[in-house]
Amino acid sequence: MPTTIAIANQKGGTGKTTTTVNLGYGLAQRGHKTLIVDLDPQGHVALALGFPPSSGTYDLLLGRSKAVKLAQQAREDLPLWFIAGDKSTALAREILNRRAFREGILKKALERSPFDVILLDCAPSLDVLHTATLVAANWLLVPVKLDHLALAGVLGLIATLQEVQDEGYDCNLLGVLPTFLDRVTTETRLQLEALLERYGQLVLPPIPVDTKLREAPGFGQTIWEHAPKAKAAVGMPKEEGSEGMIGGYAHLVEIVDILLRG
Ligand SMILES: Nc1ncnc2c1ncn2[C@@H]1O[C@H](COP(=O)(O)OP(=O)(O)O)[C@@H](O)[C@H]1O
Ligand SMILES: [Mg+2]
């Protein structure tokens, strides 16, 4: 059975797709057979990997084809696949809304698929697809942009997680991932402190703000291909001038790699 991780936050632009794609590539590099599923009608997963958006997710959600058939290999030399979405994903959501037993649809579609890990890139919303995603997931990872409303996006999500757990599904919070960390601004520091106060150990090492991350999707590349030495990839010094590094997607990949190896 694959381990399934939902990457979600009801706010847009918090780094969900960026996290999904760079984590997925990093896990594939470590030998995990990885599948990314794009659940956002914007279709950014395909674009970020250098492919056109298409209706794979629609077919998956409506049970037209198996995950393994819909999966496209993202890189010839890596065990990395993705199921592309586009605006038809929104149509699938409408159709599902009218069905009974809709919350289990994604879990059923994915549970017997031949992957080690499945990453679910969510749309910024709390709707039927969102609930279906948490039902399908073993873990929830929440990228939180360190701006003035950082915490707001997390609270609604945790409430939905609680509801899903109350229904007997085994989805747990993997962590809250602070993104767009900018050490120069006080705003960032205050938001990070607020997150630490509320979520403690569940706050993962942060991802710095980095223009290399913004550029990479334009080339259809992950950070590992576009700028593997960028601070968003390798992290930043723990303190000014210190040797040890903290954060960056390398750190996240390492944490999830350890989780997968159990
Ligand atoms: N740490 C970061 N530093 C700079 N730009 C980032 C960072 N993370 C994401 N971005 C950029 O911010 C935008 C929103 O990120 P994205 O991952 O698409 O968010 P979401 O999927 O949550 O809507 C994208 O243009 C992306 O390239
Ligand atoms: Mg996105």
Side-chain angles (χ1 to χ4, degrees), residues 5-26 36-51 53-54 56-57 82-87 89-90 93 119-127 129-130 133 140-147 149-154 156-157 174-185 187-189 191-192 195 203-236 245-253:
I5 305 173
I7 293 93
N9 186 319
Q10 71 205 78
K11 286 178 69 184
T14 65
K16 291 181 289 297
T17 303
T18 305
T19 298
T20 306
V21 166
N22 289 299
L23 174 61
Y25 191 100
I36 296 173
V37 182
D38 190 355
L39 291 154
D40 189 335
Q42 294 187 89
H44 286 171
V45 166
L47 291 172
L49 289 168
F51 292 80
S54 58
T57 302
F82 68 100
I83 295 181
D86 64 5
K87 45 190 187 322
T89 304
R93 184 170 58 199
L119 305 180
L120 306 173
D121 183 23
C122 296
S125 52
L126 291 179
D127 53 26
L129 263 194
H130 191 261
T133 305
L140 168 65
L141 173 62
V142 190
V144 177
K145 186 174 181 175
L146 294 172
D147 64 11
L149 286 172
L151 273 166
V154 192
L157 193 56
L174 171 61
V176 173
L177 178 71
T179 55
F180 293 82
L181 175 74
D182 177 358
R183 279 189 165 160
V184 188
T185 65
E187 176 84 79
T188 305
R189 222 190 38 247
Q191 292 301 331
L192 186 55
L195 275 185
V203 179
L204 296 161
I207 309 298
V209 66
D210 190 339
T211 45
K212 292 284 178 209
L213 262 189
R214 189 173 291 283
E215 287 167 11
F219 296 98
Q221 289 183 337
T222 62
I223 196 72
W224 312 114
E225 299 157 292
H226 177 62
K229 297 208 168 93
K231 61 178 190 280
V234 299
M236 58 221 138
M245 302 293 267
I246 188 160
Y249 282 114
H251 210 147
L252 181 67
V253 169

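Atoms within a ligand are numbered from 1 in the order they appear, just like the ligands themselves.
Rounded to the nearest 0.5 Å, atoms CG (L119) and CD1 (I7) are 4.5 Å apart. Expressed to the nearest 0.5 Å, how far CZ of F180 lies from OG1 of T18 amounts to 6.5 Å. To the nearest 0.5 angstrom, L120 atom CG is 11.0 Å from L141 atom CG.
Residues with a heavy atom under 4.0 Å from ligand 1: G12, G13, T14, G15, K16, T17, T18, F180, I207, P208, V209, D210, L213, R214.
Checking T18 against the Mg ion (ligand 2), every N/O/S atom stays at or beyond the 2.8 Å cut-off.
Between Y25 and Y249, the ring center distance fails the sub-6.0 Å criterion.
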Please assess E215 against H226 for the test side chain to side chain contact (heavy atoms under 4.5 Å, CB included), listing each intermediate value before the final yes or no.
CA-CA 8 Å; E215 287 167 11; H226 177 62; 2.8 Å; yes

For a side chain to side chain donor-acceptor pair (under 3.5 Å) check, start with the C-alpha distance between Q191 and T188, then their side-chain angles and the critical distance, and finish with the verdict.
CA-CA 5 Å; Q191 292 301 331; T188 305; over 6 Å; no

